[in-house]
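Below: one structure, written as structure tokens.
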Protein chains: 2
Amino acid sequence: MSKYLTTIGEQIRKLREDQGLPLRKVAAKLDIDQSILSKIERGERNASKEQIIQIARIFEVEEKELLINYLSDRVLYDLIGEDLATDVLKVAEEKIKYFTKIRNGK
Amino acid sequence: MSKYLTTIGEQIRKLREDQGLPLRKVAAKLDIDQSILSKIERGERNASKEQIIQIARIFEVEEKELLINYLSDRVLYDLIGEDLATDVLKVAEEKIKYFTKIRNGK
DNA sequence: AATCATTTGGACAATATTTGACCAAATGTA
DNA sequence: TACATTTGGTCAAATATTGTCCAAATGATT
């Protein structure tokens, strides 16, 4: 079972609540309004990559862990309602393999 | 070897050139300026999903074939410069499986 | 070379989307 | 009740997207 089967928003909310911090405090560190953070946690707004990195620092978790969850959510967002979604991801993987192979000299 | 190891733009250009059509003609059918189509083919601009569907009709190819290439390009665009790209795609696939399972009752 | 068709690049305007502040209402808690 | 926290909605500013238009570059033909 992967540890990523949750949205980035849910993950952030859990981190915050586990530390017993109010939106206000965390939002202040991120230099945004608390209502924006509330919306990010509920998936109503999008966080920027920079904000995700700051959040990783604030809660002292691996940047990578949050980024993977964040980016995979964004990828899925592109595919909302597409029944081709699974095929698309497979092709995307092939392309990445192919292009990185090319980049590293044939 | 997959048939998708090309960008959607390259694929469109190939379809057009194989039929010996100028940008002007195809652009007219799409109701956009030829320079825009030129940019789409070279990956400098993005096509809309509706345009991709029209293009499939114009060249009489499977909508699905173009859409998969189109969407996978968009997915990869989100991941430009990310060395986590492969991990992200794997997690995205897991999430899709997971959520569609949820949707279909448990 | 001259001409004509095609393609490309860049400036520009119009439109749409994103981002965040702000504040009031709702909810939770002591 | 009183206080803290969270949420929902409106608004303005900033940014991104989309397409037109036209001139320059490139390619093909005679």
Side-chain angles (χ1 to χ4, degrees), chain A residues 6-59 66-67 69-82, chain B residues 6-59 66-67 69-82:
Chain A
T6 178
T7 67
I8 183 66
E10 287 166 348
Q11 189 178 10
I12 293 169
R13 174 149 293 189
K14 178 157 194 321
L15 286 168
R16 182 176 61 79
E17 291 183 338
D18 283 355
Q19 306 224 14
L21 296 170
L23 288 167
R24 178 172 45 78
K25 292 237 182 191
V26 178
K29 293 199 187 192
L30 291 171
D31 199 32
I32 56 175
D33 192 87
Q34 58 193 35
S35 68
I36 300 290
L37 181 56
S38 168
K39 283 159 191 166
I40 288 173
E41 289 183 349
R42 286 172 295 125
E44 201 182 299
R45 284 281 182 110
N46 205 32
S48 69
K49 188 180 169 184
E50 290 64 36
Q51 287 167 337
I52 295 298
I53 292 171
Q54 282 188 76
I55 288 169
R57 295 222 185 87
I58 290 169
F59 296 115
L66 290 193
L67 280 179
N69 205 5
Y70 169 68
L71 291 168
S72 61
D73 273 8
R74 303 212 63 167
V75 162
L76 292 188
Y77 188 78
D78 287 344
L79 300 177
I80 285 175
E82 296 290 345
Chain B
T6 178
T7 67
I8 182 67
E10 288 165 349
Q11 188 177 11
I12 294 168
R13 174 150 293 190
K14 179 159 193 321
L15 286 168
R16 182 176 61 80
E17 291 183 337
D18 283 356
Q19 306 225 14
L21 296 170
L23 288 167
R24 179 172 44 78
K25 293 235 181 192
V26 178
K29 294 198 188 193
L30 291 171
D31 198 32
I32 55 174
D33 193 87
Q34 58 193 36
S35 68
I36 298 291
L37 181 56
S38 168
K39 284 160 193 166
I40 288 172
E41 289 184 349
R42 288 171 296 123
E44 201 181 297
R45 285 277 183 114
N46 204 32
S48 70
K49 187 179 170 185
E50 289 66 37
Q51 287 167 337
I52 296 298
I53 292 171
Q54 282 187 77
I55 289 169
R57 295 222 184 89
I58 291 168
F59 296 116
L66 290 192
L67 279 178
N69 205 6
Y70 169 67
L71 291 168
S72 62
D73 272 8
R74 304 212 61 167
V75 162
L76 291 186
Y77 187 78
D78 287 344
L79 300 177
I80 284 174
E82 297 289 347

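Worth saying up front: this structure is predicted, and the values here are computed from it rather than measured. Every chain is numbered from 1 and lettered A, B, ... according to where its sequence line falls, protein lines coming before strand lines.
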With the threshold set at under 4.0 Å for non-hydrogen atoms, list the residues of residues 39-50 of chain A touching DNA chain D in residue-number order. A:Lys39, A:Arg42, A:Glu44
Just N and O in the side chain of A:Ser38: are any of them under 4.0 Å from OP1 or OP2 of D:dT7? yes
List the protein contact pattern of nucleotides 24-30 of chain C with one symbol per nucleotide (5' to 3'): B for base contact, S for sugar-phosphate-only contact, - for none; contact means a heavy-atom distance under 4.0 Å. -------
Could you go step by step and tell me if A:Gln19 and A:Val26 meet the side-chain contact (heavy atoms from CB on, under 4.5 Å) rule? CA-CA 11 Å; A:Gln19 306 224 14; A:Val26 178; over 6 Å; no
Name the closest nucleotide to the B:Asp33 side chain, picking from D:dT6, D:dC22, C:dT7. D:dC22
To the nearest Å, give me how far apart CG (B:Leu23) and P (C:dT8) are. 6 Å
Could you go through B:Phe59 and B:Asp18, starting from their C-alpha distance and side-chain angles, then the distance that decides it, and tell me whether this counts as side-chain contact (heavy atoms from CB on, under 4.5 Å)? CA-CA 10 Å; B:Phe59 296 116; B:Asp18 283 356; over 6 Å; no
Phosphate OP1/OP2 of C:dT8 contacted by B:Arg24 side-chain N/O (<4.0 Å): no
Over 12 non-hydrogen atoms of neighbours within 6.0 angstrom of CG in B:Asp31: no
Base, sugar-phosphate alone, or nothing: which one does A:Gln51 contact when heavy atoms must sit under 4.0 Å apart? sugar-phosphate
Would you kindly give the CZ-to-C1' distance between A:Arg16 and D:dT7, to the nearest whole Å? 12 Å
Ionic contact status for A:Asp78 with A:Arg74, cut-off 4.0 Å: no
Please report the distance, rounded to the nearest Å, between CG in B:Leu21 and P in C:dT6. 10 Å
Between A:Ile32 (CD1) and C:dT18 (P), how many Å, whole number? 17 Å
Pick base, sugar-phosphate or nothing for A:Ile36, based on heavy-atom distances below 4.0 Å to the nucleic acid. base
Tell me which nucleotide among C:dT8, C:dG20, D:dT5 gets nearest to the side chain of B:Ser35. C:dT8
Over how many whole Å does the gap from B:Asp31 atom CG to D:dC21 atom P extend? 11 Å
What integer distance in Å separates B:Arg74:CZ from D:dA16:C1'? 12 Å
Nearest-Å distance, CD (A:Glu17) to C1' (D:dT6)? 11 Å
